[in-house]
Amino acid sequence: MNLILLGAPGAGKGTQGELISAKLGIPTISTGNMLREAMANGSELGKQVKKYMEEGSLVPDEVIMSIIAQRITEADCKNGFILDGVPRTLAQAEALDAKGIRIDHVVSLEVDDAAITQRMSGRRVCTKCGASYHIVNNPPKSEGICDLCGAEVAIRKDDEPETVLHRLEVYHASTEVLKSYYAGQGKLRLVCGNQPIEDAQQDILKAIGETV
Ligand code: AP5
């Protein structure tokens with residue numbers, strides 16, 4: 001099962017990716033998390049992408065494609081993977097196709113912009129593993145501590161209201177077109193992301209033909 005999760009910033013791709021990963025036993029590959037980790041480590045890649053990430057703009061396609069091409073060759077991807085946050089441009093989607101990377105389903109989590117801006121103000125993310133929480137909708141079991149790895153959870157730098165608005169503009173300008181791209185390949189499944197997390201998860205599983 002090779003799955004793409006599409007959706008606006010804050011639509012719930014990371015949240016659903018982790019749940020489906022646990023259910024299907026395949027890894028989630030989040031370019032956002034990989035880039036944030038590179039920044040935290042102070043690597044060359046991290047320095048290269050810092051400006052784009054902080055302003056909520058897209059990192060150049062060639063940087064993203066080199067990360068992805070390497071990651072999906074790793075052993076844990078042999079039975080499938082979930083792409084969270086990639087592809088994000090037509091060029092990235094075409095590059096995946098050109099590399100012969102098979103995609104079975106593309107799930108687009110549909111959430112309107114007003115709900116997104118509300119959600120983002122309550123989001124907290126793990127500073128180590130990137131797991132996503134919400135102070136009201138999905139709080140960690142112990143306040144301020146990640147359920148998965150025990151590290152501190154914090155507000156993400158690009159969740160400032162102005163940056164969120166810019167990220168939404170970028171989504172509408174560069175990423176939304178991927179819905180028609182994958183609809184043309186017969187792979188697009190639309191799922192309402194503006195419902196309780198558990199319900200959205202069940203709808204995704206049904207949409208990709210898995211048992212709930
Ligand atoms: P990335 O980290 O991918 O950010 P994003 O796509 O903007 O998505 P988010 O992580 O903000 O949101 P999400 O959809 O995962 O939602 P979440 O589950 O956290 O990218 C960051 C940056 O990296 C980009 O701006 C760019 O610079 C760069 N980048 C990354 N990939 C790139 C690429 N391919 N090309 C170029 N540049 C790239 O949920 C959000 C909140 O809502 C949480 O608090 C959660 O608890 C809550 N929530 C989730 N579901 C529900 C629900 N059903 N009901 C109520 N609350 C919910």
Side-chain angles (χ1 to χ4, degrees), residues 4-21 28-39 45-46 48-69 71 82-93 95-96 107-126 129-140 146-147 153-160 163-176 178 191-204:
I4 290 174
L5 289 178
L6 272 185
K13 304 180 296 296
T15 303
Q16 295 299 337
E18 292 306 326
L19 292 170
I20 295 164
S21 164
T28 300
I29 301 175
S30 159
T31 36
N33 284 351
M34 292 166 88
L35 296 170
R36 276 185 289 280
E37 199 180 313
M39 279 165 54
L45 171 66
Q48 195 184 347
V49 302
K50 187 170 189 287
K51 176 178 155 294
Y52 301 103
M53 302 277 292
E54 288 187 350
E55 69 184 27
S57 299
L58 294 180
V59 169
D61 292 330
E62 56 277 15
V63 176
I64 297 295
M65 291 319 298
S66 73
I67 299 175
I68 287 298
R71 177 65 183 90
I82 302 165
L83 296 180
D84 159 9
V86 65
R88 222 158 170 124
T89 61
L90 207 45
Q92 291 178 18
L96 289 177
V107 170
S108 175
L109 284 167
E110 302 286 299
V111 182
D112 60 61
D113 288 8
I116 296 280
T117 40
Q118 254 189 344
R119 255 186 207 185
M120 296 304 241
S121 60
R123 176 169 48 186
R124 300 292 181 270
V125 291
C126 175
C129 74
S132 189
Y133 299 92
H134 190 279
I135 49 176
V136 178
N137 304 328
N138 183 28
C146 177
D147 294 349
V153 303
I155 296 175
R156 227 168 77 176
K157 213 167 178 173
D158 61 350
D159 280 351
E160 297 292 335
T163 315
V164 169
L165 287 181
H166 177 58
R167 288 163 62 202
L168 281 169
E169 282 167 12
V170 170
Y171 169 75
H172 292 303
S174 305
T175 308
E176 210 165 17
L178 295 181
V191 170
C192 173
N194 204 2
Q195 57 177 332
I197 291 170
E198 183 62 29
D199 296 349
Q201 190 206 354
Q202 294 192 1
D203 283 355
I204 294 172

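Note that ligands are numbered from 1 as they come in the structure, with each ligand's atoms numbered from 1 the same way.
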Taking all non-hydrogen atoms of both residues into account, name the closest pair between [X] and [Y] and its distance.
X	Y	value
Val111	Ala115	CG1-CB, 3.7 Å
Glu54	Thr163	O-CG2, 3.7 Å
Ser57	His166	OG-NE2, 3.1 Å
Ala200	Cys192	CB-O, 3.9 Å
Ser21	Thr28	CB-OG1, 3.4 Å
Leu58	Ser174	CD1-CB, 3.9 Å

Measure the spacing between [atom1] of [X] and [atom2] of [Y] and express it to the nearest 0.5 Å.
X	Y	atom1	atom2	value
Arg119	His134	CZ	NE2	8.0 Å
Asn138	Glu198	CG	CD	11.0 Å
Tyr52	Asp158	OH	CG	16.0 Å
Leu90	Thr175	CG	OG1	10.5 Å

Give me the nearest non-hydrogen protein atom to [atom] as residue plus atom name, then the distance to 0.1 Å.
atom	answer
atom 12 (O) of ligand 1	Gly10 N, 2.8 Å
atom 9 (P) of ligand 1	Arg123 NH1, 3.3 Å
atom 44 (O) of ligand 1	Tyr133 O, 2.6 Å
atom 4 (O) of ligand 1	Arg156 NH2, 3.2 Å
atom 24 (C) of ligand 1	Arg88 NH2, 3.7 Å
atom 8 (O) of ligand 1	Lys13 NZ, 3.2 Å
atom 7 (O) of ligand 1	Arg167 NH2, 2.6 Å

For [X], the ligand 1 atoms whose distance to one of its heavy atoms is below 4.0 Å:
X	value
Ser132	17 (P), 18 (O), 19 (O), 39 (O), 43 (C)
Asn137	55 (C), 56 (N)
Gln92	33 (C), 34 (N), 35 (N), 36 (C)
Gly14	13 (P), 15 (O), 18 (O)
Arg36	2 (O), 21 (C)
Gln195	52 (C), 53 (N), 54 (N)
Thr31	30 (C), 31 (N), 32 (C), 34 (N)
Met120	11 (O)

Purely on distance, is any nitrogen or oxygen of [X] under 3.5 Å from one on ligand 1?
X	value
Ala11	yes
Gly85	yes
Val59	yes
Asn33	no
Gly12	yes
Arg119	yes
Thr15	yes

Revision key, fill the gap. Check: of Gln16, Lys51, Met53, min heavy-atom distance to atom 22 (C) of ligand 1 comes from Met53

Check your understanding: Where the side chain of Thr31 meets the backbone of Gly85, is there a donor-acceptor pair that is under 3.5 Å apart?
Key -> yes

Check your understanding: Would a distance-only check, ignoring hydrogens and angles, find a side-chain to backbone donor-acceptor pair under 3.5 Å from Ser66 to Val63?
Key -> yes

**Study point:** Partners meeting side chain to side chain contact (heavy atoms under 4.5 Å, CB included) with Glu110 (sequence neighbours left out)
**Key:** Ser108, Lys179, Leu190

Counting only heavy atoms closer than 4.0 Å, does ligand 1 sit against the backbone of [X], its side chain, both, or neither?
X	answer
Tyr171	neither
Leu35	side chain
Ile64	side chain

Point to revise | Ion pair Asp159/Arg124, N-O distance below 4.0 Å | key: no

Check your understanding: Just wondering, do Ile68 and Leu96 contact through their side chains at under 4.5 Å, heavy atoms?
Key -> yes

Exercise for review: Report yes if some heavy atom in the side chain of Ile67 is under 4.5 Å from a heavy atom in the side chain of Leu45; otherwise report no.
Suggested key: yes

Does [X] have a heavy atom less than 4.0 Å from any atom of ligand 1?
X	value
Ala200	no
Ser57	yes
Ser30	no

Less than 3.5 Å apart, which donor and acceptor atoms pair up between the side chains of residues 5-20 and the rest of the protein, not counting sequence neighbours?
{"residue": "Lys13", "atom": "NZ", "partner": "Gly7", "partner atom": "O", "Å": "3.2"}
{"residue": "Lys13", "atom": "NZ", "partner": "Ala8", "partner atom": "O", "Å": "3.0"}
{"residue": "Gln16", "atom": "NE2", "partner": "Ile197", "partner atom": "O", "Å": "3.1"}

